K.L.:
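Mind having a look at this structure? Questions to follow.
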Amino acid sequence: MMFTETPLVRRKLRQERLAKWIFFGMTASMIIPLVLIVGYLVERAWPSLSLSFLVDVPARGMKEGGVWPALVGTIYLVVLSLAVSAPVGVLAAVYLNEYARDNWFNRIINLAVINLAGVPSIVHALFGLGAFVYAARFGYSIISASLTLAIMTLPVIIASTREALASVPRSFREACWNVGATRWQTIKAVVLPNSISGILTGIILQVSRAAGETAPIMFTGAVFFKAVDKGDLFPYGLREQCMALSMHLYTLSTQVPGVKESVPFATAVVLLGSVLVVNATAIILRGYLRSRKKW
Amino acid sequence: MSDSLQPCITTRDLNLWYGKFQALIDVSVTIKEGLITSLIGPSGCGKTTLLRCFNRVNERYGYVTTTGETRILGKNIYDPDVSLIELRKSVGMVFQRPNPLPISVYENVVFGLRIHSERKDLKRSTLDQAVETALTEVGLWNDLKDRLDAKGTSLQLEQQQKLCIARLLPLKPRLILMDEPCSALDVEGTRAIEELMFGLKGRYTIVIVTHNMAQARRASDECIFMLLGEIIEHSRTEELFLKPTHPKTAEYIEGRYG
């Protein structure tokens, strides 16, 4: 009778199997909405989807044509906002993680970062309107909209960068300190090279947020329509307003009567597709950088 | 014989607090130059804290308050004109878990030189020479001379620990602090590191924290027994183990607590 199952063991094993299947089921079920959303969008968008949809400008009162001005506008906004929030966020995170001591001032900063991350985007929009459009006199412009998006993405970049920095083993830092390296030398030689993949991933994931938000740019610099040449890569000046995909999607769906049904869906596919492309790049880049570091 | 040696480290009434917790209490000790001195005592007795005082790296770990005096080679290291960078250059530390950096063996060895020199002053030949000298000194040159490009983290643990010692040598330290350098190693690795310590002795003053009393006995000239932040006994190793003067020391080395 040695080593045979008792009823208690059988019951435990049943629970074990059940638990595993529940966990697996929940994980697998996450795929369903994604597949449904993408499938539904592509199916509805199909009649309009083509390469020319990307590079064409809207035609006949936006009822037809493509999304070129909006696509370029979104790229402008995303690139500019990250050009501001990535350096500021990464440097702030380095300060908080590597230099800051645990005192009241830094605790307040931490609290501010966490709370800033929880501010709804419509509130960011109002802030951007007050701060950049009016107070800083940038007007309704790409600059105002980008800075608003930058403020919105900043706390998340700080948080994700700090996480990446914290994942560098302390023993590496100790090795540096004990040969007399300054903190900056330690950061340069050891901390940043070993956390760069995590930092970049965190930044790139903010691309999708910056590209997708509508409220902050609607208040600060995005317009319904702007006449742009087909395929023009630099149609906007920084002090001008621009079109953007998320805004365009909103306009097509709610403001323009008689739009061909597939056009807003195709716009959504372009928005989703560009975000997926950027995220996929992030994943590949992270994989590459990870494969080069080993400890 | 050891009485004629110059003091390397002298502390007077050294007290240290982590926040409100006092980790070192009135530590007054003289560690002689060129010897291997071991620090023993139960966990939490302040051995590592004391060790970290000697290059003031404690201050990188958060709030510490220190009073008293620590002289290294005659210089009070809490004097305002002391540069922590220069101090840590002269007082290197080896850790419990070998911590080579995730870069090549070569770059690990010259890391200190790169940290402490202008880029233009570092000729390839100087670096090559430094690598060969340091690796020869720790007995790794023959094993690794064809694998200098290998990552430091890819070596065996024993080699990693030797590499960590080699990393200190190009900076010409006077003092090497070792915090349980063998506790991650097997018997062979432990013996190899101890032999290396004997080889380095004389040219460098070595202070080693160890949990392994047999190791303290084998490998050190003098031995310091600590308990609850205080130094209980400090004498030549054979005396401390054969004729401990303090009953607490006797109990500890007999293994009644710790």
Side-chain angles (χ1 to χ4, degrees), chain A residues 93-110 161-201 285-295, chain B residues 19 48 51-52 54-64 83-103 107-117 150-154 160 163-173 175-179 184:
Chain A
V94 167
Y95 174 78
L96 289 172
N97 209 58
E98 304 295 321
Y99 288 92
R101 294 191 161 218
D102 187 23
N103 58 27
W104 64 269
F105 178 69
N106 291 313
R107 276 200 288 269
I108 288 177
I109 294 184
N110 269 329
T161 304
R162 286 191 68 173
E163 212 164 292
L165 295 173
S167 73
V168 177
R170 185 161 84 171
S171 64
F172 292 171
R173 293 184 179 87
E174 286 175 327
C176 290
W177 299 346
N178 281 287
V179 291
T182 61
R183 282 183 197 271
W184 168 232
Q185 284 177 314
T186 307
I187 291 163
K188 216 167 36 169
V190 173
V191 179
L192 285 182
N194 288 297
S195 56
I196 192 73
S197 64
I199 294 174
L200 284 180
T201 314
L285 184 69
R286 181 175 57 182
Y288 168 71
L289 288 170
R290 268 201 193 151
S291 69
R292 292 201 322 168
K293 80 173 182 191
K294 277 205 185 72
W295 65 66
Chain B
T48 299
L51 197 72
R52 286 180 182 168
F54 297 149
N55 67 357
R56 289 183 59 185
V57 83
N58 264 333
E59 295 159 32
R60 282 280 170 96
Y61 290 84
Y63 281 122
V64 295
S83 148
L84 291 182
I85 291 169
E86 290 298 318
L87 173 66
R88 288 173 191 154
K89 202 172 138 184
S90 297
V91 185
M93 171 119 39
V94 178
F95 293 83
Q96 196 166 349
R97 277 212 70 82
N99 60 351
L101 295 169
I103 47 183
E107 284 301 322
N108 262 287
V109 178
V110 300
F111 186 78
L113 289 178
R114 289 206 193 279
I115 291 283
H116 290 284
S117 332
K151 284 219 167 172
T153 38
S154 71
Q160 289 189 19
L163 178 62
C164 291
I165 297 172
R167 186 169 59 199
L168 304 175
L169 302 181
L171 295 175
K172 312 223 176 317
L175 183 56
I176 298 179
L177 309 172
M178 299 186 173
D179 190 356

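Model, not experiment: these values are computed from the prediction. Numbers restart at 1 for each chain; the letters A, B, ... are given by sequence-line order, proteins then strands. Hydrogens, waters and symmetry mates play no part in the numbers below; they use all other heavy atoms, side chains included.
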K.L.:
Sort A:Arg173 into side chain, backbone, both or neither according to what part of it lies under 4.5 angstrom from a heavy atom of chain B.
P.N.:
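Looking at A:Arg173, nothing touches chain B.
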
K.L.:
Using heavy-atom distances under 4.5 Å, tell me whether B:Arg97 contacts chain A through its side chain, its backbone, both, or neither.
P.N.:
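For B:Arg97, no heavy atom lies under 4.5 Å from chain A.
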
K.L.:
Among B:Asn99, B:Asn55, B:Asp179, which one satisfies side-chain hydrogen bond (donor to acceptor under 3.5 Å, both in side chains) with A:Asn178?
P.N.:
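Result for side-chain hydrogen bond (donor to acceptor under 3.5 Å, both in side chains) with A:Asn178: B:Asn55.
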
K.L.:
Kindly indicate whether the side chain of B:Met178, heavy atoms from C-beta on, has any atom under 4.5 Å from the side chain of B:Leu51.
P.N.:
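In short, these two side chains do not touch, never coming nearer than 4.5 Å.
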
K.L.:
Please examine the side chains of B:Glu107 and B:Leu101, heavy atoms only from C-beta on, and report whether any two atoms are closer than 4.5 Å.
P.N.:
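With C-beta onward as the side chain, the pair stays apart.
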
K.L.:
As a quick check of understanding, evaluate side-chain contact (heavy atoms from CB on, under 4.5 Å) for B:Arg60 and A:Glu174, giving each step before the final call.
P.N.:
CA-CA 9 Å; B:Arg60 282 280 170 96; A:Glu174 286 175 327; over 6 Å; no

K.L.:
Which residues in residues 165-172 of chain B have any heavy atom closer than 4.5 Å to a heavy atom of chain A?
P.N.:
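Hits under 4.5 Å: B:Arg167, B:Leu168, B:Leu171.
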
K.L.:
Using 4.0 Å as the upper bound for N to carboxylate O, is an ion pair formed by B:Glu59 and B:Arg52?
P.N.:
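No.
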
K.L.:
Is the closest side-chain heavy-atom distance between B:Phe111 and B:Asn108 below 4.5 Å?
P.N.:
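No, too far: nothing below the 4.5 Å cut-off.
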
K.L.:
Name the region of B:Pro100, side chain, backbone, both or neither, that has any atom closer than 4.5 Å to a heavy atom of chain A.
P.N.:
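Backbone of B:Pro100 only, per the 4.5 Å heavy-atom cut-off to chain A.
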
K.L.:
At their closest point, which heavy atom of B:Arg56 faces which heavy atom of B:Arg88, and how far apart are they?
P.N.:
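Where B:Arg56 meets B:Arg88 most closely, the heavy atoms are O-NH2, 2.7 Å.
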
K.L.:
Quick check on B:Val91 against chain A: is it the side chain, the backbone, both or neither that has a heavy atom closer than 4.5 Å?
P.N.:
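Backbone only.
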
K.L.:
With a 4.5 Å heavy-atom cut-off, do B:Leu177 and B:Phe95 have their side chains touching?
P.N.:
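Contact flag for B:Leu177/B:Phe95 side chains = no.
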
